[in-house]
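Have a look at the structure below before the remarks.
All of these numbers come straight from a predicted model, not from anything done at the bench.
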Amino acid sequence: MEKEIYRDCQRNHACCLGGYAIDGCTQFIPFNNSKTHCKACGCPRNYHRKVLCRDLEQSPNSKSFRSLREAKRMARPQQSCGGVNMKQRKSKFSMGQREAMREFGEGLGWSMRNKDRQEEINRFCERIGVSRIIFKTWLNNRKKCYFKGTSSANISS
């Protein structure tokens with residue numbers, strides 16, 4: 001059986017100023033017999049982070065003593081889509097790869113939509129050791145910078 005525990009307060013007290021500041025309340029403590037407001041910070045319960053954890057007494061193989069590591073693991077929120085919160089790895093390119101991709105991107109007109117050149121794009125990606133999806137993402141990100149740079153260069157000349 002899972003039990004709801006309310007942890008740190010997430011209320012942004014500086015929202016009206018355009019900033020971000022939380023009060024530092026680390027756990028919801030019910031005020032008197034009311035289960036709606038916190039005694040420590042005065043905020044409603046819905047401002048506190050809700051954590052679902054399994055009830056230790058209800059589990060069949062329950063031990064009287066649990067390790068701190070296991071207690072923390074059980075207190076973590078359950079992820080329904082495994083690994084959704086994982087940070088995506090950022091691609092690192094060598095100077096040679098960046099220069100080759102820039103030149104090839106200029107030759108493509110900063111677009112991969114030309115159906116006649118798909119095989120050429122695949123060969124290029126294989127040659128420099130970058131996947132097609134990574135090259136496409138790099139191309140789309142650089143396209144914005146390229147057009148900003150060329151428009152200001154054309155106006156000044």
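Nearest heavy-atom pair, Arg11 versus Tyr47, reported as atom, atom and distance to 0.1 Å: CB-CD2, 3.7 Å. In terms of heavy-atom proximity, Ala40 sits nearest to Ile29 at CB-CD1, 4.3 Å. Residues Cys41 and His48 approach most closely at SG-NE2, 3.5 Å, considering heavy atoms. Between Ile128 and Ala100, the shortest heavy-atom contact is CG2-CB, 4.1 Å. The two residues Gln10 and Asp8 have their closest heavy-atom pair at NE2-OD2, 2.7 Å.
Side chain of Gln118 to main chain of Met112: a donor-acceptor pair is present (N/O by atom type, distance under 3.5 Å, no hydrogens or angles). At distances below 3.5 Å, not a single donor-acceptor pair connects side-chain atoms of His37 with backbone N or O atoms of Cys43.
Ring planes of Trp138 and Phe93: perpendicular class, angle over 60° (limits at 30 and 60°).
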Query raised in the report: Can you check side-chain contact (heavy atoms from CB on, under 4.5 Å) on Phe104 and Glu99, steps first, answer last?
Result: CA-CA 9 Å; Phe104 194 71; Glu99 186 61 30; over 6 Å; no

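A salt bridge does not link Glu120 to Arg123: none of the charged nitrogens lies less than 4.0 Å from a carboxylate oxygen.
For the atom pair OG (Ser111) and NZ (Lys136), the distance works out to 9.5 Å, reported to the nearest 0.5 Å.
With a 4.5 Å cut-off on side-chain heavy atoms, Cys38 and Cys25 count as touching. Put simply, the side chain of Leu139 does not reach to within 4.5 Å of the side chain of Met101, judged on heavy atoms. Considering only heavy atoms from C-beta on, Arg127 comes within 4.5 Å of Phe124 through its side chain.
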